[in-house]
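Values in this document were obtained by computation on a predicted structure and should not be read as measured data. Here is how names work: the chains are called A, B, and so on, in the same order as the sequence lines, proteins then strands, and each is numbered from 1.
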Number of protein chains: 2
Amino acid sequence: MPDIRVLLVDDHPVVRAGLRAMLADFDGVTVVSEAADGGAALAELSRLHALGEPVDLVLMDLQMGGGMDGVTATGRIKAGEAGSPPPPVLILTTYDTDADILAAVEAGAAGYMLKDAPPEQIRQAVVSAAAGQTALAPGVAAKLMGHLRNPETALSPRELQILELLATGLGNRAIARQLFISEATVKTHLVHIYGKLVVDNRTAAISVARQKRIIRDS
Amino acid sequence: MPDIRVLLVDDHPVVRAGLRAMLADFDGVTVVSEAADGGAALAELSRLHALGEPVDLVLMDLQMGGGMDGVTATGRIKAGEAGSPPPPVLILTTYDTDADILAAVEAGAAGYMLKDAPPEQIRQAVVSAAAGQTALAPGVAAKLMGHLRNPETALSPRELQILELLATGLGNRAIARQLFISEATVKTHLVHIYGKLVVDNRTAAISVARQKRIIRDS
DNA sequence: CGCGGCATCAACCAATTGGTTGATTCAGCC
DNA sequence: GGCTGAATCAACCAATTGGTTGATGCCGCG
């Protein structure tokens with residue numbers, strides 16, 4: 001049984017060093033290369049693919065300093081821009097908000113783990129994701145299951161997008177401009193957001209969304 | 001020349017693994033122990049001090065999930081709660097806001113490095129901080145100098161109080177009611193707050209205030 | 001004493017947000 | 001095909017927020 005060949009993608013040298021060391025302790029897993037952002041990951045995948053040394057799993061963070069972020073990179077990997085069949089992507093990050101999880105899952109990530117996870121959990125996730133299964137951190141799985149049980153209270157992707165822009169300080173008109181929609185549409189979405197979060201103004205919506213880890217701290 | 005004895009403090013196993021590996025490559029540096037938050041760091045320092053095996057340097061993150069944060073722990077270490085003379089504290093974190101840097105420096109940290117720093121920079125910082133010198137990442141030093149040149153106008157205690165209530169989702173009238181003042185007073189304070197934060201609406205004020213760590217979780 | 005900063009308050013108007021009602025289109029599902 | 005949810009848009013009005021001008025009183029400091 002050949003080793004699972006892993007590409008590490010994280011902008012922090014410390015984290016890459018830690019992952020190398022941690023994965024070196026896992027039987028059946030080999031770190032074949034590293035990259036410091038999404039762009040470098042795409043290039044490295046292409047290079048290895050061209051050499052006939054394909055990667056079995058991409059283990060990647062979401063935030064990459066100034067470089068291409070993990071969600072964008074995941075989308076492009078899944079679109080076959082770095083070789084086909086595209087390898088599964090396992091996200092390993094500190095961010096646990098609905099917005100982050102949703103963006104990664106929609107981009108095609110096979111798994112989502114948090115950096116505070118113990119090594120055994122990460123090992124399980126690596127093995128599962130490489131085998132084509134879904135690999136979610138317990139808290140992330142609970143969040144998604146919560147959404148399945150109470151779908152009527154979950155924000156739609158568009159609602160989430162608007163809420164995030166709201167939290168950065170934009171007014172309705174600025175949000176409309178940025179999303180190329182009308183102000184009336186923004187207001188309609190806000191009405192829906194307020195209803196789902198059971199609030200009656202924007203600052204309360206932002207506060208509740210932060211408390212519930214729907215959006216990140218700014 | 002004996003090795004610099006280092007205590008690692010970070011809530012992420014991956015990061016601790018990375019730091020162990022990275023520091024293992026540095027001549028003259030030994031990782032003698034680890035802790036996952038500030039409280040555990042204090043306990044470990046006390047334990048080692050009582051065994052006659054004092055630590056030369058604490059390498060510590062700022063955010064520790066649910067545990068004691070790095071600033072609080074730094075303050076208590078410098079106050080001698082874990083043995084005297086207290087070892088220098090070198091902060092290694094992803095956070096580079098002025099408020100975070102200032103808080104750590106004011107708490108007594110000897111250095112402040114960012115996790116995206118290459119290994120050689122971290123090695124230099126470890127050696128400098130252990131030798132009792134200041135060790136700042138280049139970007140951090142620039143920020144501190146900028147802060148000294150242009151001291152930021154601080155919010156008054158009352159302004160802060162109003163901003164905090166605002167961030168919980170209260171409107172002007174509710175804030176006024178809670179503080180037993182008029183709505184006109186609330187609005188006046190908000191005008192001052194917006195001016196100091198250079199924003200023109202409440203959500204932007206909250207966003208900027210959170211970014212600058214003027215306020216924290218709602 | 002004069003000054004500046006802080007807290008408080010008011011009046012007035014402009015601008016934005018919140019609430020409601022109504023509508024259309026599209027995609028997915030049964 | 002009918003239904004539902006999501007996205008989009010409009011009109012209209014009520015409520016709140018933002019901006020400006022002006023004022024008073026208290027405290028600490030030089």
Side-chain angles (χ1 to χ4, degrees), chain A residues 98-99 101-103 105-108 144 146-209 214-215, chain B residues 150-210 214-215 218:
Chain A
D98 288 3
I101 296 167
L102 188 67
V105 169
E106 280 178 352
L144 290 180
H147 279 287
L148 289 173
R149 279 196 220 105
N150 304 284
E152 68 280 356
T153 65
L155 300 186
S156 74
R158 195 63 156 167
E159 284 161 0
L160 213 36
Q161 195 174 13
I162 283 176
L163 185 55
E164 282 185 309
L165 290 175
L166 190 71
T168 68
L170 296 183
N172 296 348
R173 194 178 307 174
I175 292 171
R177 217 180 291 126
Q178 187 158 331
L179 299 181
F180 303 102
I181 55 178
S182 80
E183 204 172 325
T185 303
V186 173
K187 286 164 73 177
T188 303
H189 282 306
L190 288 176
V191 167
H192 294 156
I193 291 167
Y194 298 160
K196 290 178 182 180
L197 299 182
V198 196
V199 295
D200 61 10
N201 68 69
R202 60 192 53 211
T203 50
I206 294 165
S207 179
V208 167
I214 294 171
I215 58 172
Chain B
N150 305 290
E152 213 147 340
T153 309
L155 299 187
S156 73
R158 195 65 158 170
E159 284 161 359
L160 196 49
Q161 194 174 14
I162 284 177
L163 185 56
E164 281 168 347
L165 291 175
L166 189 71
T168 68
L170 297 183
N172 296 347
R173 193 179 306 174
I175 293 172
R177 216 180 292 125
Q178 186 157 336
L179 299 181
F180 302 102
I181 55 178
S182 80
E183 204 173 325
T185 303
V186 172
K187 288 165 71 177
T188 303
H189 282 305
L190 286 176
V191 168
H192 294 155
I193 289 166
Y194 298 159
K196 289 178 180 179
L197 299 182
V198 196
V199 295
D200 61 10
N201 68 70
R202 60 193 51 212
T203 51
I206 294 165
S207 179
V208 168
R210 297 186 66 86
I214 293 171
I215 58 172
S218 325

Peer 1: Could you list the protein-to-nucleotides 24-27 of chain D atom pairs, N/O on both sides, closer than 3.5 Å?
Peer 2:
none

Peer 1: Can you name the nearest heavy-atom pair linking A:Ala205 to A:Leu197, along with the distance?
Peer 2: O-CD1, 3.6 Å
Peer 1: For residues A:Ile162 and A:Leu179, determine if any side-chain heavy atom of one lies less than 4.5 Å from a side-chain heavy atom of the other.
Peer 2: yes
Peer 1: Indicate whether OP1 or OP2 belonging to D:dA6 is found under 4.0 Å from a side-chain N or O atom of A:His192.
Peer 2: no
Peer 1: Once you build an axis from the first five pairs and another from the last five of the helix from C:dC1-D:dG30 to C:dC30-D:dG1, how far apart in angle are they, to 10 degrees?
Peer 2: 40°
Peer 1: When rounded to the nearest 0.5 angstrom, what distance separates CD1 in A:Ile181 from CD1 in A:Ile175?
Peer 2: 8.5 Å
Peer 1: Can you give each donor-acceptor pair under 3.5 Å made by side-chain atoms of residues 184-194 of chain B, sequence neighbours left out, with the distance rounded to 0.1 Å?
Peer 2:
residue	atom	partner	partner atom	Å
B:Thr185	OG1	B:Ser182	OG	3.1
B:Thr188	OG1	B:Ala184	O	2.9
B:Tyr194	OH	B:Arg202	N	3.4

Peer 1: As an exercise, state the distance from CD of A:Gln161 to CG of A:Leu166, rounded to the nearest 0.5 Å.
Peer 2: 12.5 Å
Peer 1: Less than 4.5 Å apart, any side-chain heavy atom of B:Leu163 and any of B:Leu155?
Peer 2: yes
Peer 1: Among the nucleotides D:dA6, C:dA7, D:dT8, which one has an atom lying closest to any side-chain atom of B:Pro157?
Peer 2: C:dA7
Peer 1: Is the closest side-chain heavy-atom distance between B:Val208 and B:Ile214 below 4.5 Å?
Peer 2: no
Peer 1: Return a single string for nucleotides 15-21 of chain C, one symbol per nucleotide in 5' to 3' order, where B is base contact, S is sugar-phosphate-only contact and - is none, cutoff 4.0 angstrom on heavy atoms.
Peer 2: -SSBBB-
Peer 1: Show every salt bridge (charged side-chain N to carboxylate O under 4.0 Å, His left out) that has at least one partner inside residues 158-180 of chain B, sequence neighbours left out.
Peer 2: B:Glu159-B:Lys196, B:Arg173-B:Glu183
Peer 1: Roughly how many Å is it from CD in A:Glu159 to C1' in D:dG5, rounded to a whole number?
Peer 2: 10 Å
Peer 1: Just to verify, what does A:Ala103 make a side chain to side chain contact (heavy atoms under 4.5 Å, CB included) with, not counting sequence neighbours?
Peer 2: A:Val71
Peer 1: Please identify each residue that fulfils side chain to side chain contact (heavy atoms under 4.5 Å, CB included) with A:Leu102, with sequence neighbours left out.
Peer 2: A:Glu106, A:Pro157, A:Leu160
Peer 1: Please step through side chain to side chain contact (heavy atoms under 4.5 Å, CB included) for the pair A:Thr203 and B:Thr203, ending with a clear verdict.
Peer 2: CA-CA 6 Å; A:Thr203 50; B:Thr203 51; 4.3 Å; yes
Peer 1: Taking 4.0 Å as the cut-off, does a side-chain nitrogen or oxygen of B:Thr185 come that near to OP1 or OP2 on C:dC9?
Peer 2: yes
Peer 1: What residues from residues 174-182 of chain B pass a heavy-atom cutoff of under 4.0 Å to DNA chain C?
Peer 2: B:Ile181, B:Ser182
Peer 1: How close do B:Ala167 and A:Ser207 get, counting heavy atoms only, and between which atoms?
Peer 2: O-CB, 3.3 Å
